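A quick write-up on the structure given underneath.
What you are looking at is a predicted structure, and each value in this text was computed from that prediction instead of being measured. Convention: sequence-line order gives letters A, B, ...; per-chain numbering from 1.
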There are 2 protein chains.
Amino acid sequence: MISRPPRPRDRGIPEATVARLPVYLRALQALQERRTLTISSEALAAAAGVNSAKLRKDLSHLGSYGTRGVGYEVEYLVYQISRELGLTQDWSVAIVGIGNLGRALANYGGFGTRGFRIAALLDADPTMVGQSVAGLKVGHIDRLEEAVRDNGVSIGVIATPAGSAQHVANRFVEVGVASILNFAPVVLNVPEGVDVRKVDLSIELQILAFHAQRRADGDGREPADRTGLELT
Amino acid sequence: MISRPPRPRDRGIPEATVARLPVYLRALQALQERRTLTISSEALAAAAGVNSAKLRKDLSHLGSYGTRGVGYEVEYLVYQISRELGLTQDWSVAIVGIGNLGRALANYGGFGTRGFRIAALLDADPTMVGQSVAGLKVGHIDRLEEAVRDNGVSIGVIATPAGSAQHVANRFVEVGVASILNFAPVVLNVPEGVDVRKVDLSIELQILAFHAQRRADGDGREPADRTGLELT
DNA sequence: CCCACTTTGTGCGTAGTTTCACAAGCACGT
DNA sequence: ACGTGCTTGTGAAACTACGCACAAAGTGGG
């Protein structure tokens with residue numbers, strides 16, 4: 001069962017590369033729907049919005065799956081990336097916090113095209129419990145442990161208010177969920193070995209504002225010590 | 001021996017730093033509510049989930065706002081970071097695509113605590129137009145240009161299906177919106193000078209899956225590639 | 001006034017990431 | 001068979017980011 005295959009894959013794929021693989025995968029799947037059989041790094045890079053050298057180096061971490069003079073076979077590459085990302089197996093996801101965002105997530109069909117199954121929806125609000133959302137009955141948060149165990153949940157999504165997020169995270173960790181996607185605007189504290197990724201809308205807006213302001217500032221530099229409001 | 005002349009031009013705060021400033025800001029605002037007057041880099045770093053040296057270096061890019069032996073004055077730092085991020089001015093935001101996600105965004109009150117004002121909601125679906133969401137009337141996408149001009153919108157949020165995203169982006173760019181936050185699962189093509197940030201739920205899940213798979217492959221142990229090869 | 005103590009700001013070595021540029025490899029036409 | 005043309009895979013250079021460790025700078029007590 002446990003294959004120590006003769007071709008032990010280099011398990012040291014750079015984090016930056018991992019973050020881009022899903023983008024390549026999506027571009028490749030779009031190509032697949034258009035019946036494209038092969039594609040060059042140049043063209044795929046353009047579709048993914050990256051530099052072609054970067055794309056080639058990224059793919060080289062998975063192995064040598066291209067053909068010089070031709071390009072990459074789309075279908076084969078889709079399979080290889082999917083496998084590397086762990087999408088050839090199914091992942092059960094539980095979403096906690098069925099507010100506006102939680103509902104949006106639950107209804108978001110194309111979760112990774114496939115590979116992810118939303119197995120449980122949980123909320124603390126008694127009036128929410130029992131309602132049907134995206135074809136699933138919302139359960140009470142008190143049953144989190146049960147829901148995780150019964151459904152083999154391995155990924156937890158937190159879409160609660162900031163105040164409850166840490167508590168929910170603790171519960172997740174407690175029952176063995178080691179992958180958490182956090183939408184609440186707080187920094188979660190988790191033990192080593194637990195993987196947390198955060199998606200933060202207001203942070204993204206603030207970063208945009210920073211660049212927008214910089215553009216507006218004529219194009220200058222000068223941040224430094226400006227203790228009040230002066231400027232022009 | 002021939003070293004290139006030093007570039008004292010400290011133009012620009014590192015991108016990595018910019019991305020963390022909002023996190024610091026949020027932590028500081030929480031402290032402010034607890035009436036904390038000053039805080040050390042050590043404590044603030046813990047609250048923000050980063051290394052204290054990194055935090056000090058980040059803050060040093062804004063200027064010398066700390067007091068040795070004491071720490072940072074919370075209120076002053078809040079102001080400085082806000083100013084650097086451009087939050088001391090107001091930004092008008094338009095959201096296009098009032099589906100589940102668009103509604104969630106419109107209702108998400110704490111948009112950056114302040115500084116961001118949702119000025120317009122637009123959708124292509126005629127049955128959606130005219131409805132009231134989060135206290136705003138949904139307008140038809142055809143009026144995008146009008147809505148942007150009338151409200152001084154400078155940030156556009158795209159929450160449409162993938163197929164419409166590029167089209168909406170083009171329209172935004174056309175009317176001079178140079179900051180776009182994209183939730184649609186596509187790579188947007190925009191001219192130079194336009195700033196696009198993307199938030200992609202399924203990509204985040206795929207990255208989590210990658211790490212989860214790695215954990216599982218290894219055998220009960222953890223990644224453990226922290227201690228790479230020592231000297232040889 | 002001076003000393004002990006605390007905490008900032010930063011120089012520097014290390015690690016990670018991006019990009020260039022080109023040799024090596026493959027397909028295809030002749 | 002063999003050259004021509006195209007595209008991959010990858011050394012190496014250039015950047016960027018990280019975190020340690022410590023001197024500098026400020027506080028407060030005696």
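- Using a 4.5 Å cut-off on side-chain heavy atoms (C-beta onward), V153(B) and V175(B) make no contact.
- Closest-nucleotide positions on DNA chain C for T17(A) and R56(A) were compared, and the one nearer the 5' end corresponds to T17(A).
- Remark: the Q80(A) side chain and the R83(A) side chain contain an N/O donor-acceptor pair separated by less than 3.5 Å.
- Atom CZ of R20(B) is separated from atom P of dA17(D) by 8 Å (rounded to the nearest Å).
- Under 3.5 Å, the side chain of K57(B) and the base of dG19(D) form at least one donor-acceptor pair of N or O atoms.
- The environment of E75(B) atom CD is sparse: at most 12 non-hydrogen atoms of other residues, nucleotides or ligands sit within 6.0 angstrom.
- Listed by chain and number, the residues in a ring-ring contact (aromatic ring centres under 6.0 Å, His included) with Y76(A) are Y65(A) (sequence neighbours excluded).
- One can place CD of E42(B) at 12 Å from C1' of dG19(D), the figure rounded to the nearest angstrom.
- Considering only side-chain N and O atoms, S64(A) lies under 4.0 angstrom from the phosphate OP1 or OP2 of dG9(D).
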Query - Worked verdict on E15(A) versus H211(B) for side-chain contact (heavy atoms from CB on, under 4.5 Å) - result: CA-CA 10 Å; E15(A) 209 31 54; H211(B) 292 300; 3.0 Å; yes
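- When the side chain to side chain contact (heavy atoms under 4.5 Å, CB included) test is applied to T17(A), the partners found at least two apart in sequence or on another chain are I13(A), P14(A), R20(A), L21(A), D58(A), H61(A).
- Around the CD atom of E174(B), the shell of radius 6.0 Å holds no more than 12 heavy atoms that belong to other residues, nucleotides or ligands.
- Here the P atom of nucleotide dT8(D) and the CG atom of L62(A) are 15 Å apart, to the nearest Å.
- Shown here for E84(A) and F210(B), the closest heavy-atom pair between the two residues is O-CD1, 3.1 Å.
- Look at NE2 on H61(A): it is 11 Å from P on dG16(C), rounded to the nearest Å.
- When the side-chain nitrogen and oxygen atoms of Y65(B) are compared with OP1 and OP2 of dT7(C), none of them lie within a distance under 4.0 Å.
- Distance CG (L59(B)) to C1' (dC18(D)): 16 Å, rounded to an integer number of Å.
- Partners of T160(B) by side chain to side chain donor-acceptor pair (under 3.5 Å), not counting sequence neighbours: none found.
- In this structure, the side chains of N182(B) and V157(B) stay at 4.5 Å or more apart for every pair of heavy atoms.
- Residues L201(B) and F183(B) have side chains not in contact (no heavy-atom distance under 4.5 Å, counting atoms from C-beta outward).
- The nucleotide whose nearest atom lies closest to any side-chain atom of E15(A) is, among dT8(D), dC18(D), dT17(C), dT17(C).
- Following rounding to the nearest Å, L55(A) (CG) and dT7(D) (P) show an atom-to-atom distance of 14 Å.
- Inter-residue side-chain proximity for V148(B) and R171(B) is flagged as unmet; no heavy-atom pair is nearer than 4.5 Å.
- Evaluation of atom-type donor-acceptor distances gives no pair under 3.5 Å for the side chain of K54(A) against the base of dT17(C).
- Within residues 43-53 of chain B, no residue places a heavy atom under 4.0 Å from DNA chain C.
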Report summary line: Scoring nucleotides 25-30 of chain C by protein non-hydrogen atoms under 4.0 Å (B base, S sugar-phosphate only, - none) yields BBS---
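- As a whole-Å value, the separation of Y72(B) OH from dT6(C) P is 18 Å.
- Using five terminal pairs a side, the axes of the helix from dC1(C)-dG30(D) to dT30(C)-dA1(D) at its two ends make an angle of 0°, given in steps of 10 degrees.
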